[in-house]
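Reminder, nothing fancy here: chain letters follow the sequence lines and each chain counts from 1. Since we're looking at a predicted model, the values are computed, not measured.
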Amino acid sequence: MSVSEKTVTRPANETPDQEELDKVIIRFVGDSGDGMQLAGTRFTDASAAFGNDLATFPSFPAEIRAPAGTVGGVSSFQVQIADFDILTPGDEPDVLVAMNPAGLISNLKDVRPNGTIVVNSEAFIERNLHRAGYEKNPLEDGSLDSYRIISAPMETLTKEAVKESGVTGREVLRSKNFFALGLMAWLFNRPMDPTTEWLEKKFSKRPDVLNANLAALKAGWNFGLTTDAAPTTYTVKPAKLEPGTYTNVTGNTAMAWGAIAAGQAAKLPVFYGTYPITPASDILHELSRHKNFGVKTFQAEDEIGGIGVAVGAAFTGHLSFTGTSGPGLALKSETISLALMTELPLIIINVQRGGPSTGLPTKPEQADLLFAIFGRHGEAPMPVLAAQSPSDAFDITIEAARIALKYMTPVIVLSDNSIATGSEPWNLPDVSTLPDISKPYQMGPNSGDEYLPYLRDPQTFARSWAIPGTPGLEHRIGGLEKQEVTGNVSYDPGNHQLMIDTRAWKIANIANDIPPVEIDGDPKAKLLVLGWGSTYGVIKGAVRRVQKRGLPVATAHLRHLNPFPANLGEIVHSYEKVLIPEMNMGQLRHLIRAEYLVPAIGYNKVSAEPFKVREIENRILELIES
Amino acid sequence: MSVSEKTVTRPANETPDQEELDKVIIRFVGDSGDGMQLAGTRFTDASAAFGNDLATFPSFPAEIRAPAGTVGGVSSFQVQIADFDILTPGDEPDVLVAMNPAGLISNLKDVRPNGTIVVNSEAFIERNLHRAGYEKNPLEDGSLDSYRIISAPMETLTKEAVKESGVTGREVLRSKNFFALGLMAWLFNRPMDPTTEWLEKKFSKRPDVLNANLAALKAGWNFGLTTDAAPTTYTVKPAKLEPGTYTNVTGNTAMAWGAIAAGQAAKLPVFYGTYPITPASDILHELSRHKNFGVKTFQAEDEIGGIGVAVGAAFTGHLSFTGTSGPGLALKSETISLALMTELPLIIINVQRGGPSTGLPTKPEQADLLFAIFGRHGEAPMPVLAAQSPSDAFDITIEAARIALKYMTPVIVLSDNSIATGSEPWNLPDVSTLPDISKPYQMGPNSGDEYLPYLRDPQTFARSWAIPGTPGLEHRIGGLEKQEVTGNVSYDPGNHQLMIDTRAWKIANIANDIPPVEIDGDPKAKLLVLGWGSTYGVIKGAVRRVQKRGLPVATAHLRHLNPFPANLGEIVHSYEKVLIPEMNMGQLRHLIRAEYLVPAIGYNKVSAEPFKVREIENRILELIES
Amino acid sequence: MTTLNYKRADFQSDQEVKWCPGCGDYTILASVQAYMAEMGVAREDVVFVSGIGCSSRFPYYMNTYGMHSIHGRAPAIASGVVTANPDLSVWVVTGDGDALSIGGNHLIHALRRNVNLKILLFNNQIYGLTKGQYSPTSEVGKTTKSTPLGSIDHPFNPVSLALGADASFVARTIDMDRKHTMEILRRAHEHEGTALIEIYQNCNVFNDKAFLALTGKDERVHNQIRMEDGEPIIFGPEGEKAVVIESGVARIVDTASVDPSDIHVHDSREVNPSMAFALSRISSHPDGPTPIGIFRDINRPVYDQEMARQIEAVTEKRGPGDLQTLIGSQGTWTVE
Amino acid sequence: MTTLNYKRADFQSDQEVKWCPGCGDYTILASVQAYMAEMGVAREDVVFVSGIGCSSRFPYYMNTYGMHSIHGRAPAIASGVVTANPDLSVWVVTGDGDALSIGGNHLIHALRRNVNLKILLFNNQIYGLTKGQYSPTSEVGKTTKSTPLGSIDHPFNPVSLALGADASFVARTIDMDRKHTMEILRRAHEHEGTALIEIYQNCNVFNDKAFLALTGKDERVHNQIRMEDGEPIIFGPEGEKAVVIESGVARIVDTASVDPSDIHVHDSREVNPSMAFALSRISSHPDGPTPIGIFRDINRPVYDQEMARQIEAVTEKRGPGDLQTLIGSQGTWTVE
Ligand SMILES: Cc1ncc(C[n+]2csc(CCOP(=O)(O)OP(=O)(O)O)c2C)c(N)n1
Ligand SMILES: Cc1ncc(C[n+]2csc(CCOP(=O)(O)OP(=O)(O)O)c2C)c(N)n1
Ligand code: SF4
Ligand code: SF4
Ligand SMILES: [Mg+2]
Ligand SMILES: [Mg+2]
């Protein structure tokens with residue numbers, strides 16, 4: 001068996017003992033109904049509680065439940081755990097837990113050479129093999145000889161284990177995933193307490209199900225122990241992370257919490273107007289659970305309604321958000337433009353998924369960047385930010401709110417499916433140290449005894465925010481071009497140019513109010529790898545590997561895509577080569593070329609799968625060597 | 001009085017005789033209700049019939065009828081007529097016909113030094129002066145001394161003239177515009193027949209109105225003649241245009257006709273699905289008048305419905321169009337993406353207006369270019385074309401249909417308010433020579449006895465078009481990612497990349513199927529002026545002027561914005577400087593920089609007014625000299 | 001609240017009113033401004049939201065808070081306003097194109113949710129601002145710029161549509177009748193929840209005299225069917241016509257031909273909307289006898305209030321949210 | 001047309017059906033495929049258009065022409081299909097979210113125009129595909145992922161909404177009742193114009209047993225109110241319940257307590273929709289007695305046919321258009 005970079009040579013049949021690994025990548029695969037997301041999450045949480053660093057990558061079909069046993073219905077969950085600071089869920093699983101032939105056939109190609117495969121042997125029957133597309137049983141035909149196989153009759157053993165629990169019928173086999181989890185817990189010496197506690201909480205009202213799952217979990221562990229399933233078990237020590245209190249958080253949850261935190265940092269009530277869409281819906285779900293924070297969530301009739309109510313709430317003084325994914329962003333375009341013209345603070349979250357059109361709704365992609373930047377009629381510049389990891393989704397949301405309020409502008413925040421549904425450990429901030437991002441309402445006249453809605457702050461060019469209910473400041477805004485200062489409708493040609501210039505300047509000037517790009521690596525290296533969004537982890541991982549070889553590469557990652565940080569031009573000009581890996585056909589590269597006339601090189605992948613660290617590493621090596 | 005470049009020195013009070021001018025620019029201005037668009041159009045048509053070359057620029061307020069007498073309610077119509085091939089409605093009017101003080105005060109600044117001003121003296125009364133913002137009567141306070149004034153009590157004279165016609169009440173003064181027209185006809189020796197004939201046709205059912213207008217027209221002419229209103233009258237000889245039969249056409253009309261022509265060239269029924277919006281509505285109005293061409297027009301519930309029905313009609317084998325302006329394009333974005341994914345031929349017309357948001361709905365602007373190119377989620381490349389003049393709107397529409405059909409793709413065609421509502425003489429094509437742009441429907445299986453909807457033509461990568469009603473080719477398409485060849489839904493990663501690449505290649509490859517950019521001027525000149533869209537005339541005019549001085553400037557104009565013509569890169573690299581004038585903040589410039597890494601220089605104006613020839617001329621001179 | 005002592009002028013903004021001379025919008029503006037002075041709500045608590053169209057210029061002329069938004073979206077935006085602050089008095093001004101064509105979906109959803117909005121639908125049966133295309137309330141056969149051969153679209157009956165969407169308040173009035181308009185505005189304001197008021201509005205430029213049957217000096221007594229709560233529905237110069245409802249269908253009969261007790265007695269407070277619906281079908285086009293007044297005015301939970309109540313209840317139960325606790329709520333571990 | 005001799009299998013495509021085991025969609029698919037075999041329309045003339053949602057996967061499984069379009073837009077796209085070619089038999093498959101939430105506007109406009117579409121609205125009172133948020137037909141108080149404290153949105157009654165939009169054909173059926181479903185499909189096909197069929201569909205994963213009152217072995221005889229033309233509306237195991245319409249409102253009464261002649265005799269062909277509307281109000285939520293069957297089925301001009309007719313008429317009158325003449329029609333001059 002081979003996990004991590006080490007190779008184990010100990011002969012079989014000896015009493016297993018523990019070997020220490022620095023990291024391991026495990027992928028759970030099975031039918032959508034097999035509970036693999038749950039098994040993976042529990043394994044992850046146990047590892048988190050144990051103190052490992054980790055990163056996860058769940059992947060599931062667009063269908064609610066595709067036909068059982070088919071490749072189309074396979075759901076998977078990959079987690080990397082490590083004793084050091086890792087950044088990605090890893091490229092190639094060391095261990096594949098396959099609950100059925102379809103899961104095996106569709107995932108085997110990713111498993112590292114000589115990796116371990118854990119299978120539910122009872123699923124490898126004629127019908128399932130056929131559905132998955134196997135002609136022969138791979139457990140028997142020798143095709144898996146180069147892997148270490150741990151094979152268990154999980155159904156029989158689960159049935160046996162849960163006999164006393166009280167569950168019957170279909171529910172019996174539902175516990176199968178906990179058997180697999182128990183077996184993995186044994187193999188990796190995971191603590192059982194976190195899982196047990198979670199089960200006790202979750203099924204406090206269904207003691208039968210609780211008992212069944214506990215029994216299956218135990219049975220899995222025992223199966224490992226008693227059958228000597230592997231010659232050795234493994235430990236991955238706790239990581240030496242920054243001191244602090246950690247939680248394991250997905251990007252969608254972090255974004256929802258970020259919205260709540262932004263409301264507190266701005267001392268404003270939070271409003272979220274939206275329409276469900278994969279993979280953004282969980283932000284709505286999470287926010288709607290926290291009404292006791294004063295959060296208002298409004299599930300509208302469609303995306304246009306969703307942003308419409310959010311614009312209304314922004315006008316009325318709320319810290320207002322709308323969230324969606326690609327097709328929904330398309331529908332919101334016209335209303336975003338209204339928010340821009342009326343200069344109201346509004347945060348538009350776009351969780352990118354595979355496009356165009358309905359595309360691949362459950363797959364990650366970074367192909368909405370140019371749409372976010374240019375996706376409005378007329379000259380309509382707007383700030384665009386992007387989260388770089390699940391926990392950064394929290395920070396970037398607060399940053400977006402800061403900009404929206406300070407500059408009185410709509411702001412787009414990009415996330416993507418892998419950030420939204422993936423997770424990582426997050427060193428929890430002390431919320432009492434959140435920045436003050438408040439924008440006080442206008443309470444009285446701002447020019448003699450008059451209120452002029454489009455009078456601007458001389459520094460930021462932001463207009464003031466006078467909300468309905470404030471005596472004396474009654475005013476009207478709208479989508480027609482506004483006269484400077486008064487905000488009245490104006491068809492005057494000179495005024496139009498002035499307002500176009502003003503709006504452009506207001507946004508461009510934000511470049512001076514955001515952190516400069518930081519370079520990781522030698523500022524004099526030959527190659528700069530520039531990234532944005534969810535590729536953060538893979539790029540950093542790849543660059544670190546190359547740096548370890550002593551080769552001249554540096555990296556920088558953008559969280560502000562419009563405007564760019566003020567020092568970006570200088571940076572991209574100071575390297576001989578700039579490589580921009582993106583899960584699109586070269587959108588940031590396009591912007592960098594247009595803005596700085598730098599012949600940046602693209603590395604592009606739009607295949608519904610994130611980059612592997614190795615892919616980027618190889619590309620870097622090629623470029624350094626050429 | 002000064003018209004054109006010549007100066008007249010003949011003393012007043014002599015019997016007027018005729019002087020020949022090479023060109024003249026006339027602007028009619030008055031209240032929205034004064035009929036200035038009509039007077040301008042009639043003057044234009046008479047000049048067209050006379051054989052002049054010409055170009056027009058109508059401009060009207062966004063309100064249906066703003067309060068009478070105010071600057072906000074002024075409507076204007078400018079026409080340039082010439083005895084040579086001109087390209088624009090001209091920069092500064094030689095003659096301003098002002099029906100009221102508001103018209104005068106808001107347009108005087110544009111009139112050329114020593115120009116002529118024709119006024120309805122009876123409108124210059126206290127109330128109107130006040131409404132317009134005059135403190136004193138400009139006809140009396142000497143402020144107009146540097147102009148030649150022709151002042152007529154148009155109301156009294158019109159009333160008098162129409163006495164016998166049978167019109168009464170409010171209708172009496174409605175003929176005032178024809179008085180003004182008659183006066184101008186006298187001054188410029190225009191033929192009266194075209195106007196008379198038009199009136200007879202138009203008012204065949206209202207003899208009273210016909211007679212009133214004829215009488216007013218006559219009275220205007222006679223007023224000129226009998227009062228010696230000017231020391232000389234002028235002629236502008238017929239232009240030496242290409243031989244042919246000409247008509248005077250606006251861009252919207254040309255586009256509607258272009259759609260009908262494309263239908264004939266493709267041997268397909270035409271479908272137009274839309275929702276009214278300024279300035280695109282006239283395309284709908286024109287098309288709906290020609291149902292006997294088999295044209296189906298569908299005024300839908302909104303823009304999404306408008307493109308929705310068009311997609312349905314495209315699926316059903318029609319040559320299908322949808323038309324709109326900026327805010328409507330925003331709403332169509334999601335459905336355009338569906339047409340792209342289903343690879344259906346569809347032409348999306350976008351008549352640009354001032355933005356963002358509702359913006360300046362009746363003003364021209366070119367600020368939707370980047371939106372047209374990047375305005376969809378995901379990687380969604382699409383051809384984008386732009387008309388360069390009113391008559392080119394006909395050709396570009398046929399070209400768009402050609403591309404849509406040949407490549408099975410949606411295509412965006414950009415026009416703008418000045419093309420849409422402006423007019424120019426158009427040398428009518430012999431429609432029997434229209435190209436064959438037909439795309440035959442698929443009539444039988446394309447792979448053995450199977451029909452594979454996504455099997456591609458090896459040259460164009462276009463898929464075939466099998467329409468409902470065809471036996472044996474039943475198939476399903478949709479917005480989820482398609483499997484290559486079969487068109488079935490596919491979540492396969494490799495297939496997604498393949499389809500992304502295929503769609504991108506299909507569009508990029510069109511570069512080889514469009515005319516190369518042509519250069520007007522020395523390919524070795526120092527400066528290239530590059531343009532697109534409605535700036536064609538002003539750029540060409542300015543470049544010609546500079547070329548006449550023997551200075552090294554050349555120009556090229558793009559009708560294909562995505563993909564660019566294959567030779568564009570070579571061209572932009574071969575000049576020392578590239579100047580790109582645009583009625584936006586630099587959108588084509590952005591594309592040229594990103595694509596070719598050329599430091600193109602922008603000349604940008606977003607002030608609700610087209611460029612003047614002089615402005616571009618000056619900028620060119622600056623750049624050549626620097 | 002201090003006593004409010006408003007005059008109509010207090011609700012006039014400093015912007016010049018820019019409709020065509022003679023447009024029915026002027027009269028409606030006057031009625032609304034006059035009513036606002038009486039309404040008893042502080043000016044700063046009043047918000048007007050509109051879409052796009054001639055009618056949608058309305059907020060510019062009201063000296064209150066306002067937004068002239070985008071085409072069709074006013075009901076959504078206004079829903080956001082009042083959900084954010086249920087204490088405001090929020091009014092939507094919209095046209096037949098704005099509300100029923102592009103904005104149809106937001107309208108029916110606002111009605112169903114019963115958000116506290118007062119929606120004034122200026123129905124001139126035409127697209128005014130875009131210069132005269134037919135609208136979803138234009139009659140079949142109408143010749144307009146976009147239908148030179150006559151329209152083939154069957155129009156909506158806006159009252160029926162609203163009742164079909166479970167509207168809690170639906171009324172109809174006429175631009176020229178300022179007194180009636182003000183009375184309906186008052187009832188709409190008193191109603192909690194969404195109120196839809198269809199106002200027949202003359203567009204003298206593109207669709208002049210569309211409502212002549214109801215506004216013409218000679219015609220109106222014959223055609224205005226006034227509905228008053230508790231009163232039998234009788235109309236005509238001498239009350240010679242009456243409305244009865246038989247097996248679900250409302251019909252016009254000669255008053256003399258029926259037993260007076262069979263004449264339908266109007267009751268806008270009836271919870272079941274079927275009666276109101278039946279009345280709405282008496283006329284689907286205002287070229288003959290047409291009911292004017294309040295079709296329905298019932299109470300049911302109001303969306304924005306329910307939202308506030310839900311927040312209050314859960315906050316009471318769980319206490320105000322604590323952010324530090326929240327971000328630690330999914331289980332934590334500590335690294336030292 | 002040659003004689004069509006189809007079997008149900010002729011309408012099954014080669015794509016694997018991908019709904020959750022037990023989903024009501026399977027039964028509806030079977031009913032539709034079975035009906036198609038009987039319909040008498042050549043397979044190539046049948047088009048299925050859908051939006052997005054579990055239900056909207058439907059076209060993939062039909063061996064006809066089809067488009068799985070985008071969320072909410074199917075009625076518009078299908079309107080384009082049939083307007084382009086009125087000889088096609090065009091079917092829309094949509095869900096309660098797809099049709100009534102995002103697609104509400106296209107739906108009501110298709111109904112008003114009376115475009116020749118057969119719209120199958122799979123109402124499972126939940127968003128299935130996005131994994132369980134409440135929909136515009138979910139009951140107030142429903143706890144879902146997006147309403148953990150219970151929904152505060154008053155739901156639509158889809159039948160009332162359609163009648164408010166002047167739908168010419170509105171019916172309701174139940175997934176499990178294949179015979180009834182097929183009968184309704186037949187009537188919808190025979191109807192010229194838009195037909196809306198609400199199909200109560202069980203989502204056993206996110207909203208199981210929502211229609212138990214109508215489908216449960218014990219419950220259904222008590223709650224299914226079957227409407228048959230020409231028959232008095234009577235239901236219950238022994239016919240002990242009946243429906244009467246009094247002053248416009250439909251009510252359930254004990255059969256024994258009323259004069260048999262007062263029991264409402266159903267007539268879906270009644271032109272005035274008030275009666276149908278009254279019947280639709282008997283139940284706004286299928287947890288008690290609920291009418292099943294055809295509420296309305298009347299004739300009025302069909303949009304796509306009218307469009308074709310208009311083109312034909314004007315072509316007859318003016319002759320087919322001549323392009324050369326057209327481009328010269330605004331006056332020309334000649335340069336030699
Ligand atoms: C997205 C969008 N589509 C179309 C338009 C053009 N438009 C403006 S107002 C209007 C219709 C106006 O009709 P109505 O709502 O009846 O108002 P009225 O002018 O008659 O008062 C249209 C189509 C627009 N401004 N925005
Ligand atoms: C523009 C857009 N918004 C949102 C979505 C996400 N979405 C897909 S289906 C759906 C609702 C499905 O509910 P319903 O129409 O009732 O169909 P069901 O799945 O219940 O059959 C939503 C919100 C989308 N695909 N596109
Ligand atoms: S066009 Fe009609 S609705 Fe618009 S302002 Fe003029 S009269 Fe009024
Ligand atoms: S989620 Fe519900 S509606 Fe969707 S396929 Fe599953 S059971 Fe059917
Ligand atoms: Mg209107
Ligand atoms: Mg549903």
Side-chain angles (χ1 to χ4, degrees), chain A residues 45 48-51 194 238 241-249 253 257 260-261 264 269 271 273 290-294 296 298 300-302 304-305 308-313 315-318 320 334-335 338 342 428-431 468-480 488-489, chain C residues 13-15 42-50 52 59-60 62-85 87-88 90 105-106 108-109 307-308 310-311 314-315 317-321 323-324 326-336:
Chain A
D45 275 16
F50 184 68
L241 299 175
E242 286 277 296
T245 302
Y246 283 77
T247 196
N248 182 36
V249 76
T253 302
W257 291 353
I260 294 174
Q264 301 218 337
F271 190 99
H290 303 298
K291 298 234 153 111
N292 59 331
F293 283 84
K296 290 181 171 162
F298 194 125
E301 53 275 16
D302 61 13
I304 304 178
V309 294
V311 165
F315 180 58
T316 313
H318 277 47
S320 198
E334 193 205 3
T335 312
L338 174 68
T342 51
L428 294 180
D430 174 353
V431 300
T470 318
L473 308 193
E474 296 83 2
H475 66 281
R476 278 69 51 194
I477 56 178
L480 285 164
N488 291 333
V489 175
Chain C
S13 80
D14 60 352
Q15 296 297 296
R43 196 169 58 185
E44 64 268 20
D45 291 334
V46 179
V47 183
F48 273 80
V49 179
S50 66
I52 299 286
Y60 289 127
M62 295 296 303
N63 192 8
T64 64
Y65 284 92
M67 193 189 296
H68 177 223
S69 77
I70 45 178
H71 199 31
R73 315 305 171 191
I77 293 170
S79 292
V81 170
V82 75
T83 305
N85 184 353
D87 294 335
L88 299 172
V90 184
N105 207 29
H106 307 301
I108 60 177
H109 281 268
M307 167 104 64
Q310 214 169 42
I311 290 178
V314 71
T315 310
K317 196 168 144 202
R318 296 195 212 147
L323 182 57
Q324 198 74 48
L326 174 64
I327 63 178
S329 62
Q330 294 190 345
T332 61
W333 70 96
T334 303
V335 175
E336 266 151 27

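- Most heavy-atom pairs under 4.5 Å with chain A: of the set T334(C), T315(C), V81(C), this distinction falls to V81(C).
- Most heavy-atom pairs under 4.5 Å with chain A: of the set N105(C), N85(C), T83(C), this distinction falls to T83(C).
- With a 4.5 Å cut-off on non-hydrogen atoms, I327(C) touches chain A through its backbone and its side chain both.
- If you tally non-hydrogen atom pairs under 4.5 Å between each of A300(A), P471(A), G479(A), G305(A) and chain C, the highest count goes to P471(A).
- Atom CD of E474(A) is separated from atom CG of D45(C) by 9.0 Å, given to the nearest 0.5 angstrom.
- For a residue to count as touching a neighbouring chain, one of its non-hydrogen atoms must lie under 4.5 Å from one of that chain's; by this rule H106(C) touches chain A with backbone and side chain alike.
- At a threshold of 4.5 Å between non-hydrogen side-chain atoms, the residues Y60(C) and N488(A) do not count as touching.
- With sequence neighbours excluded, no residue satisfies side-chain hydrogen bond (donor to acceptor under 3.5 Å, both in side chains) with D14(C).
- If you measure heavy-atom distances from A261(A) to chain C, the contacts under 4.5 Å come from both the backbone and the side chain.
- Here CZ of R476(A) is found 9.5 Å from OH of Y65(C). Values are rounded to the nearest 0.5 Å.
- Distance CE/M307(C) to NZ/K291(A): 6.0 Å, rounded to 0.5 Å.
- Of the atoms belonging to P429(A), heavy atoms from both backbone and side chain fall under 4.5 Å from chain C.
- To the nearest 0.5 Å, the span separating NE2 on H475(A) from CG on N63(C) amounts to 11.5 Å.
- Only the side chain of D302(A) comes within less than 4.5 Å of a heavy atom in chain C; its backbone stays farther off.
- Contact annotation for I304(A): both backbone and side-chain heavy atoms come within less than 4.5 Å of a heavy atom of chain C.
- Distance check, rounded to the nearest 0.5 Å: NE2 of H290(A) to CZ of R318(C) gives 8.0 Å.
- Residue V314(C) touches chain A through both its backbone and its side chain, counting heavy-atom pairs closer than 4.5 Å.
- Looking at R43(C), the atoms closer than 4.5 Å to chain A (heavy atoms on both sides) sit in the backbone and in the side chain alike.
- With a threshold of 4.5 angstrom between heavy atoms, E242(A) approaches chain C through N, CA, C or O but not through any side-chain atom.
- Ranked by heavy-atom pairs under 4.5 Å with chain C, the first of G472(A), A310(A), P468(A) is P468(A).
- For H318(A), the part lying near chain C is the side chain, with the backbone staying farther off; criterion is any non-hydrogen pair under 4.5 Å.
- For Q330(C), the parts sitting under 4.5 Å from any heavy atom of chain A are the backbone and the side chain alike.
- Shown here for S79(C) and V309(A), the closest heavy-atom pair between the two residues is CB-CG1, 3.9 Å.
- Ranking T342(A), V311(A), L241(A), T253(A) against chain C, the residue ahead of the rest is L241(A), based on heavy-atom pairs under 4.5 Å.
- Listed here is the closest heavy atom pair of L428(A) and G328(C): CD1-CA, 3.9 Å.
- Ring orientation note: the planes of Y246(A) and W333(C) are close to parallel, at an angle under 30° on the 30°/60° scale.
- Counting heavy-atom pairs under 4.5 Å between each of D87(C), I311(C), T64(C) and chain A puts T64(C) at the top.
- Heavy-atom distances place both the backbone and the side chain of E301(A) under 4.5 Å from chain C.
- Counting heavy-atom pairs closer than 4.5 Å to chain C, the top-ranked of the candidates A313(A), G478(A), G244(A) is G244(A).
- Note that CD of E44(C) is 8.0 Å distant from OG1 of T470(A), once rounded to the nearest 0.5 Å.
- Interface remark: F315(A) contributes side-chain atoms only to the contact with chain C (heavy atom separation under 4.5 Å).
- Both the backbone and the side chain of M67(C) come within contact range of chain A, with heavy atoms under 4.5 Å apart.
- In this structure, the side chain of Q324(C) engages the main chain of V431(A) through a donor-acceptor pair within 3.5 Å.
- With chain C as the partner, the residue from P238(A), G294(A), A48(A) showing the most heavy-atom pairs under 4.5 Å is A48(A).
- Between chain C and the residues I260(A), D45(A), N248(A), T316(A), the largest count of heavy-atom pairs under 4.5 Å involves T316(A).
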